[in-house]
Protein chains: 2
Amino acid sequence: MAAPRHSASKEVFLEAALKIADQFGPDALTTRSLGNAVGLDATTVYRYFGNKDALLGELFDYVTGKVLAEIGSDHASPRELLMAMCAAYRSVFYAHPSVARLNGRMADMIQAGQGTAPNAMKLSGIVVSALREMGLSGRNLIIGYQMIESFIVGAIMLETEAHGHGMGVRILRYRAFGAGTPELETASQDEVAEMSDDALWAGVDAVFDAVEKMADADTASTN
Amino acid sequence: MAAPRHSASKEVFLEAALKIADQFGPDALTTRSLGNAVGLDATTVYRYFGNKDALLGELFDYVTGKVLAEIGSDHASPRELLMAMCAAYRSVFYAHPSVARLNGRMADMIQAGQGTAPNAMKLSGIVVSALREMGLSGRNLIIGYQMIESFIVGAIMLETEAHGHGMGVRILRYRAFGAGTPELETASQDEVAEMSDDALWAGVDAVFDAVEKMADADTASTN
DNA sequence: ACCTGAACACCGTTCAAGT
DNA sequence: ACCTGAACACCGTTCAAGT
């Protein structure tokens, strides 16, 4: 005997949208299918989100909220917090690959105004705080931030694509230019996926190493 | 008095598609607008490319061909060749931002079979050769390759987005979490763009440093 | 052999009409 | 105040019909 639901909430729409995109792919997510999934007319979505682009932007931010929830709070160092952020980013978007490629929508959301992408802004804030704690400020803080963002966004985009193709894309590509050792020739999907993951973490380490070096240079010149 | 053009070539379609996407954005590129631009019926595109997805994939590979052409061949070291590759990638996709976000189509193209993404494969081959020359092989070669790909793809995707919004997105975001020094508060579009560019190159350096370190470890353990 | 035009199913979106 | 349904313009795609 739940209270009668007079009107849906945004979250109901977003959760339904996520389910559709996860199960049937991004193209299956239409205003009509979404309305249908929520048990309302197809056009109702327009009073809630304005238009479909805004819906997709909010969907991306909604999933970013799941990243925030997974980061946790007890980390030994700012670098480990950033590692946890990357791990959360990775695991959440691996679970929702259709949403990963909606990243480009963030630009529009942020441009659109305050509060339209609260979780993305919060996530940025977490990264920036960690970088400050590592000793970065000013121009180098921004450069460090952007290095991290670029790498994790690119890596997750390519990986979610590859997973969507059962890693076959990577295997074909690597074999084509003979990059493989004998092991690669017989590598299973899972083994290739593991290697891709190693590359992700190697890249994250490389970026963080560079960030720490910038921080050291900053504090050295300040003292 | 050029010879009468009995039928268009794929390149005519691709160049027209590129012009439409550059001028009016990706949404303006429809089978009808493309047919119109080429002076043929809207549906003719289907005999040339099969369907629109394939067209978009070939468009991305076509632009990748421009990257190849811009890399040049006289480089003092493999690392400098890779730097030139990044510079070419950057300048070409800055000129065609609408195509930059088509990166995800590559996966489908490669999966689809041989020869559907020749330029992307060639570009991969160049990177792999350079990494080999640096001393990488086997698993580390693949990890190095993937680190470079992830970073450059992510950086270019975010930067082309930001440029599309006149850098306003980055300015808003940075000011929002107080990352700025006093200079940032009054930074112009161009100055922010320059800082973004610095971040791109700092990231590239970080990745290449890590790659070189892997190469050194490899050769040390081999000797 | 290559191109066209009508046609189909579907999409984002609007708005007057319902309750 | 919230929802619906018809309607519009447009899109990707197919295919029989033209030359």
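Reminder, nothing fancy here: chain letters follow the sequence lines and each chain counts from 1. Model, not experiment: these values are computed from the prediction. What you see below is based on every heavy atom in this structure, not just the backbone, and it leaves out hydrogens, waters and symmetry mates.
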Checklist entry - Going through the checks in order, is the side chain to side chain contact (heavy atoms under 4.5 Å, CB included) test met by A:M109 and A:F60? => result CA-CA 10 Å; A:M109 300 295 289; A:F60 186 87; over 6 Å; no
Next on the checklist: Would you say A:T44 places a side-chain N or O within less than 4.0 Å of OP1 or OP2 belonging to D:dT4?
Outcome noted: yes
Item to check | Euclidean distance, atom CZ of residue A:F49 to atom C1' of C:dG12 [Å, nearest integer] | outcome: 16 Å
Checklist entry - If you measure from the Lys or Arg side-chain nitrogens to the Asp or Glu carboxylate oxygens, is any gap between B:R105 and B:E58 under 4.0 Å? => result no
Checklist entry - OP1 or OP2 of C:dC2 less than 4.0 angstrom from a side-chain nitrogen or oxygen of B:Y46, does that happen here? => result no
Checklist entry - Quick one: B:Y48 OH to C:dA1 C1', roughly how many Å, whole number? => result 11 Å
Checklist entry - Does A:R47 have a side-chain nitrogen or oxygen under 4.0 Å from the phosphate oxygens OP1 or OP2 of D:dC2? => result no
Next on the checklist: Between P on C:dC3 and CG on B:N36, what's the gap in Å once rounded to a whole number?
Outcome noted: 15 Å
Next on the checklist: If you count heavy atoms of other groups shown closer than 6.0 angstrom to NZ of A:K122, is the number above 12?
Outcome noted: no
Checklist entry - Between B:A42 and A:D41, which has a closest nucleotide on DNA chain D that is more 5'? => result A:D41
Next on the checklist: Both distances below 3.5 Å, Watson-Crick or wobble geometry, any strand: find the nucleotide opposite D:dT13.
Outcome noted: C:dA7
Next on the checklist: Taking the nucleotide of DNA chain C with the nearest heavy atom to each, does A:G50 or A:D27 sit closer to the 5' end?
Outcome noted: A:D27
Item to check | Mate of C:dG18 where both pairing distances stay under 3.5 Å, Watson-Crick or G-U | outcome: D:dC2
Next on the checklist: Any base atoms under 4.0 Å from B:T30, or only sugar-phosphate, or nothing? Heavy atoms, all strands.
Outcome noted: sugar-phosphate
Item to check | Rounded interatomic separation in angstrom, taking CG from B:D53 and P from D:dC11 | outcome: 16 Å
Checklist entry - Any idea which of D:dT13, D:dT4, C:dG12 is nearest the B:K52 side chain? => result D:dT13
Checklist entry - Going by an N to O cut-off under 4.0 Å, is there a salt bridge joining B:R173 and A:E149? => result yes
Checklist entry - Is any side-chain nitrogen or oxygen of A:T43 closer than 4.0 Å to OP1 or OP2 of D:dT4? => result no
Item to check | Euclidean distance, atom CZ of residue B:F24 to atom P of D:dC11 [Å, nearest integer] | outcome: 14 Å
Next on the checklist: Rounded to whole Å, please give me the gap between CG in A:N51 and P in C:dC11.
Outcome noted: 17 Å
Checklist entry - Within this structure, what is the CG-to-C1' distance between A:L55 and C:dC11, rounded to whole angstrom? => result 14 Å
Checklist outcome for this item: Winner on side-chain proximity to B:R32, out of C:dT4, D:dT13, C:dT13, is D:dT13
Item to check | A:E194/B:R139 salt bridge by N-O under 4.0 Å criterion | outcome: yes
